[in-house]
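Note sheet for the following structure.
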There are 2 protein chains.
Amino acid sequence: MDSLPEKKAEESHRQDSADLLIFILLLTLTILTIWLFKHRRFRFLHETGLAMIYGLIVGVILRYGIHVPRDVSNVTLNCHFNASPATLLVNVSGKFYEYTLKGEISANEVNDVQDNEMLRKVTFDPEVFFNILLPPIIFHAGYSLKRRHFFRNMGSILAYAFLGTVISCFIIGLLMYGCVTLMKQVGQLGGDFFFTDCLFFGAIVSATDPVTVLAIFNELQVDVDLYALLFGESVLNDAVAVVLSSSIVAYQPEGDNSHTFEVMALLKSFGIFLGVFSGSFALGVATGIVTALISFFLRDFQLLETALFFLMSWSTFLLAEACGFTGVVAVLFCGITQAHYTYNNLSPESQDRTKQLFELLNFLAENFIFSYMGLTLFTFQNHVFNPMFIVGAFVALFIGRAANIYPLSFLLNLGRRNKIRSNFQHMMMFAGLRGAMTFALSIRDTATYARQMMFSTTLLVVFFTVWICGGGTTQMLSCQRIRYAYISSLIYTCFFFFNSVGVDSDQDNSVSSERRSTKQESAWLFRIWYNFDHNYLKPILTHSGPPLTATLPPCCGPLARFLTSPQAFENECQLKDDDSDLILRDGDISLTYGDITVSTDASGAHTSGGLAFAGASTSDDLDRELAYGDHELVMRGTRLVLPMDDSEPSFTEPHHLNIVDLSR
Amino acid sequence: MDSLPEKKAEESHRQDSADLLIFILLLTLTILTIWLFKHRRFRFLHETGLAMIYGLIVGVILRYGIHVPRDVSNVTLNCHFNASPATLLVNVSGKFYEYTLKGEISANEVNDVQDNEMLRKVTFDPEVFFNILLPPIIFHAGYSLKRRHFFRNMGSILAYAFLGTVISCFIIGLLMYGCVTLMKQVGQLGGDFFFTDCLFFGAIVSATDPVTVLAIFNELQVDVDLYALLFGESVLNDAVAVVLSSSIVAYQPEGDNSHTFEVMALLKSFGIFLGVFSGSFALGVATGIVTALISFFLRDFQLLETALFFLMSWSTFLLAEACGFTGVVAVLFCGITQAHYTYNNLSPESQDRTKQLFELLNFLAENFIFSYMGLTLFTFQNHVFNPMFIVGAFVALFIGRAANIYPLSFLLNLGRRNKIRSNFQHMMMFAGLRGAMTFALSIRDTATYARQMMFSTTLLVVFFTVWICGGGTTQMLSCQRIRYAYISSLIYTCFFFFNSVGVDSDQDNSVSSERRSTKQESAWLFRIWYNFDHNYLKPILTHSGPPLTATLPPCCGPLARFLTSPQAFENECQLKDDDSDLILRDGDISLTYGDITVSTDASGAHTSGGLAFAGASTSDDLDRELAYGDHELVMRGTRLVLPMDDSEPSFTEPHHLNIVDLSR
């Protein structure tokens with residue numbers, strides 16, 4: 001038997017293992033350094049920034065340090081056909097070998113392919129990012145959305161994410177088109193660059209990813225509303241940017257010139273945007289609800305629960321991709337739904353397990369992407385660095401971000417009671433980092449000259465924003481005089497509150513005004529949604545919430561009794577809804593407190609309990625809020641997993657202070 | 001731009017997603033059914049058996065239910081060359097497309113390739129099993145080895161795993177060669193089948209995988225020594241079988257006739273076996289120790305710890321593969337080392353996290369493989385079912401297993417005090433199931449007629465043993481009169497022990513005799529190893545164990561003080577070694593108790609503490625053993641993860657009885 005191809009396959013496998021090993025060791029190195037940084041409380045460099053630096057170093061070594069002699073056996077053969085089938089059978093002196101299509105290669109790359117096999121080896125299939133690394137990151141973002149503050153600021157977040165991203169995309173697209181036209185005049189442009197390309201660039205760089213900033217916010221316990229606005233915006237605008245960019249790619253006017261303006265094609269693109277987005281949204285929510293319903297019955301077997309949770313969340317992605325929707329978007333909304341409903345049905349152990357599992361996956365995937373980003377700056381073969389384009393891009397990004405944040409904040413402030421102050425706006429402007437999503441979108445297709453130039457520029461944008469903006473977050477916070485000793489301000493306010501001295505009404509982000517404003521400030525959209533969710537969806541889908549018998553009109557009695565879980569009746573006595581609601585135990589109580597009074601307006605049957613609770617437990621409640629607040633901060637800050645029996649803290653002991661000490 | 005290949009790639013991606021979705025849904029279905037079975041306490045079918053059944057059903061549907069019209073665009077082209085490069089560039093009317101080598105295809109397959117694209121689609125690359133699915137399974141096995149009973153029975157386990165597997169391999173190989181020769185005489189053989197093929201078959205079916213049996217043992221709390229023997233054998237013989245089969249493949253006599261007997265080639269194969277095995281072993285242990293050393297310093301950041309643990313374990317696999325060793329074997333020994341050293345250095349949260357993570361990965365990978373097995377019975381295109389070969393294989397398997405168990409048990413019993421009784425031997429004979437490893441080895445190469453026949457036969461062997469032997473475990477246990485009410489027998493013995501009535505000396509598996517025999521029965525090999533490990537390795541690599549100052553001779557004082565962790569000195573006062581040792585909290589105490597007296601013989605400085613402990617805490621100790629035993633059984637039975645503050649149970653309360661109730 002001729003063992004030549006076998007040997008070749010074995011060698012290729014060994015090479016693959018070695019390549020992957022490089023990345024694993026890179027991540028290990030990152031972890032060790034980050035541990036050192038955390039130990040020494042360095043805050044100027046986040047783990048993702050560090051991963052990029054290590055990636056850069058390895059990239060330099062691979063590019064300039066190692067010279068692989070040109071391998072004769074890798075010389076490729078040319079073969080002329082009239083079609084490009086997915087599978088190719090090659091008859092080599094009587095033996096058949098199977099080849100699979102990898103993709104098209106531009107003519108000028110043909111020589112590179114033969115030249116630099118080694119650098120090509122460490123280059124992953126770009127689809128790996130979209131189909132393997134991005135989904136856990138996005139799911140984790142959805143699963144760990146601070147739900148209370150997210151829903152409270154929902155209107156603003158949706159405005160920034162949808163309107164803002166579209167504004168930013170078009171502003172950047174227009175500016176870049178101007179820049180490109182100028183470049184063409186000056187003769188700096190080496191290839192085609194159409195308006196759709198500019199718009200595409202606008203879409204991919206509109207996905208913000210302030211992971212670095214948010215990590216520092218967590219550590220420093222910065223204002224929760226600012227955190228919610230930034231995090232919510234970044235999570236949702238990823239989804240918008242993905243769908244937007246694919247709609248722009250789908251813009252295909254009829255006729256020969258495929259880059260002219262045509263109303264029909266524009267409408268079609270818009271239709272694709274709406275269709276794909278709503279389809280992915282519906283699919284993600286549907287799978288989340290199915291999982292919630294299954295886990296409603298499935299209990300007591302933690303391993304099965306966790307496995308089911310993982311498989312259902314993964315199948316959302318696959319289902320969406322198989323249906324032609326966007327898996328990443330579906331996974332995001334699946335994550336939000338899982339956090340909102342399924343999480344309440346899981347046993348405490350499974351709650352921990354699922355959180356920890358996706359936390360780990362998110363950590364690994366994120367650092368992998370960032371270290372790959374650093375590596376690819378040197379190992380990617382077709383960089384097109386154009387100084388004019390790069391400068392133009394940075395200017396356009398700045399203007400695009402400003403055109404997103406400031407006008408929208410102005411408009412939103414007209415409707416908000418809890419205004420987004422100007423220092424918050426500057427901070428949001430500053431926190432417009434670009435990260436994993438921008439990278440994954442730009443590396444997906446690097447076939448044309450325009451795309452290559454975009455990719456190279458995008459890399460620089462990510463490096464700059466992560467290192468400069470990420471590293472300067474602490475300085476920016478103190479420069480903008482945004483309080484980040486949140487705990488001390490809470491305790492301070494609390495002190496005033498108890499002593500009835502009154503609270504300075506300017507302290508928008510302090511406890512008392514927060515609570516007062518909870519009901520008023522949150523708009524009708526939020527209130528309608530919350531009522532519906534709290535009274536009908538939660539009781540049907542989870543073991544928490546009030547029993548349906550209390551929320552449905554009396555005529556639906558039998559149905560209500562049938563649909564309500566026995567546990568919900570127990571909960572009624574204990575008012576346990578708030579406990580089960582705490583995925584991030586961040587002062588959910590005051591919301592539930594605020595909304596029990598809202599919900600009682602609708603049900604009637606519930607009024608006495610709700611009001612009694614509201615009346616009697618004011619000081620208790622604040623105490624609990626403080627305790628929960630601490631819990632949450634510790635959790636996010638040092639990733640301390642609290643033992644589950646702490647979920648009902650003993651209010652008499654100064655328990656929370658002990659925990660705060662742990663986080664120091 | 002011609003978007004034809006892009007569209008094709010998109011379609012192929014959608015198809016891939018749909019294929020993977022089939023498996024995800026299969027696993028989901030398996031989980032739901034298994035939940036039902038556990039709920040109703042059905043024990044006749046294990047989750048892996050169920051996964052196979054669902055796989056079979058889906059296989060039938062795919063094979064006979066769905067008819068995909070022959071896709072014209074998939075028709076492949078033939079092209080004549082003189083070499084088969086790894087990368088092929090195809091020039092299709094001016095555009096270049098890149099193709100990568102997938103593998104060789106036998107001439108009779110060429111038509112199949114074109115015919116049944118759809119069935120080929122759900123066929124995974126066989127290397128997926130070896131490089132993605134098997135490593136977590138094997139690592140988990142190593143990480144969860146019941147270390148106490150494993151080390152106590154180490155001699156017997158090594159004998160079964162090494163000698164036994166080699167015996168079984170050669171007996172089966174010889175018998176199959178007889179069978180094949182007979183088939184050739186009768187004219188039943190449709191292709192070449194050499195003696196090396198027979199030996200290869202012997203090697204791959206010698207890897208036992210009694211996952212089904214062990215799950216039932218766990219649930220029924222069967223004798224711990226029997227469990228340790230079976231589990232230890234199955235874990236190690238996987239490693240032996242992998243290396244053995246690759247050594248047989250490497251048997252290449254010089255000259256034209258590559259299937260004759262030649263001493264040099266045999267010696268070379270033997271050398272390869274030794275080299276690859278010891279290399280993989282050394283590599284696995286080395287990475288484990290490096291991880292232990294790193295985690296010795298890295299504390300307090302659970303996420304970083306867990307990520308590091310995961311990455312280092314994965315890099316073992318990659319490193320071994322890149323060096324030409326066997327990754328699976330390296331991962332196994334890495335797992336054992338991690339459990340023995342690194343585990344003690346992890347924070348309690350990370351201990352839970354890592355255990356749970358690999359438990360989940362093991363669960364998913366195992367069920368995926370078994371459901372794929374079911375599927376592949378119908379979707380694999382080149383089955384060769386030969387009744388004579390199949391009958392011969394079953395007979396050979398039976399004889400091979402018998403030639404492994406009975407003679408070795410006889411020999412081992414000459415040296416063992418705690419004899420392996422005949423009913424245990426029958427049970428071990430019966431528990432010789434074949435599973436994931438056998439499947440992965442047989443599907444790896446199905447190019448020749450002989451390999452295809454082996455693969456088909458192997459599938460049947462797995463189905464038969466998992467369903468029949470796995471399903472009949474409970475019956476077999478009661479038929480062989482093997483006690484499985486382990487708890488009640490423990491309590492019973494304990495009752496007698498406290499009342500000083502004396503213990504029936506025939507009760508080999510009862511507590512008191514177990515303890516008495518711990519030191520005597522375990523051979524010199526175990527004692528030397530344990531002393532070295534306990535006195536030198538553990539103190540250097542972990543925070544547990546006695547300080548080196550107590551175990552090293554006085555002249556090495558400064559060095560000892562330098563190498564000992566501060567915590568070890570604290571431990572000395574508290575004698576905490578036993579606690580940190582408990583990965584599966586199965587009566588480790590009595591061992592530690594037994595061995596503290598051993599270690600004190602060597603150190604001297606330790607004697608008073610050790611003896612005081614031994615003298616004062618006899619009844620406490622037994623109590624704790626009972627409590628720990630319960631913990632462990634509950635953990636393994638229903639996978640209840642105990643909160644970590646239970647690791648030191650309050651001995652006064654009947655705490656363990658509460659927990660036992662939970663498991664009902």
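Here is how names work: the chains are called A, B, and so on, in the same order as the sequence lines, proteins then strands, and each is numbered from 1.
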**Nearest-0.5 Å distance, CE of residue B:M312 to CG of residue A:L25** = 8.0 Å
**Request:** Calculate, to the nearest 0.5 Å, the distance between atoms CD and CG belonging to A:E321 and B:L21 respectively.
**Result:** 11.5 Å
**Message:** Please give me the minimum heavy-atom distance between A:A322 and B:S17, naming the atom from each residue.
**Reply:** N-CB, 4.0 Å
**Message:** Could you measure the distance from the CG atom of A:L364 to the CG atom of B:L303? Nearest 0.5 Å is fine.
**Reply:** 8.0 Å
**Request:** Specify the closest pair of heavy atoms between B:I24 and A:L318, including all atoms of both residues, with the distance to one decimal.
**Result:** CG1-CD1, 3.7 Å
**Asked** B:L308 and A:I31: which non-hydrogen atoms are nearest, and at how many Å?
**Response** N-CD1, 3.8 Å
**Item:** Gap between atom CZ of A:F363 and atom OG1 of B:T306 - 0.5 Å precision
**Value:** 10.0 Å
**Request:** Can you tell which part of A:F310 gets under 4.5 Å to a heavy atom of chain B, answering side chain, backbone, both or neither?
**Result:** side chain
**Request:** Give, as side chain, backbone, both or neither, the part of A:I294 having an atom under 4.5 angstrom from any heavy atom of chain B.
**Result:** side chain
**Request:** State the CD-OG1 distance between B:Q356 and A:T354, to the nearest 0.5 angstrom.
**Result:** 10.0 Å
**Prompt:** Does the side chain of A:H13 come within less than 4.5 Å of B:N131's, by heavy atoms?
**Reply:** yes
**Message:** I want to check something: taking the side chain as every heavy atom from C-beta on, are A:L20 and B:W314 in contact at a cut-off of under 4.5 Å?
**Reply:** yes
**Request:** Calculate, to the nearest 0.5 Å, the distance between atoms CG and CD1 belonging to A:L304 and B:I34 respectively.
**Result:** 7.5 Å
**Side chain to side chain, A:E359 and B:R353, heavy atoms closer than 4.5 Å** = yes
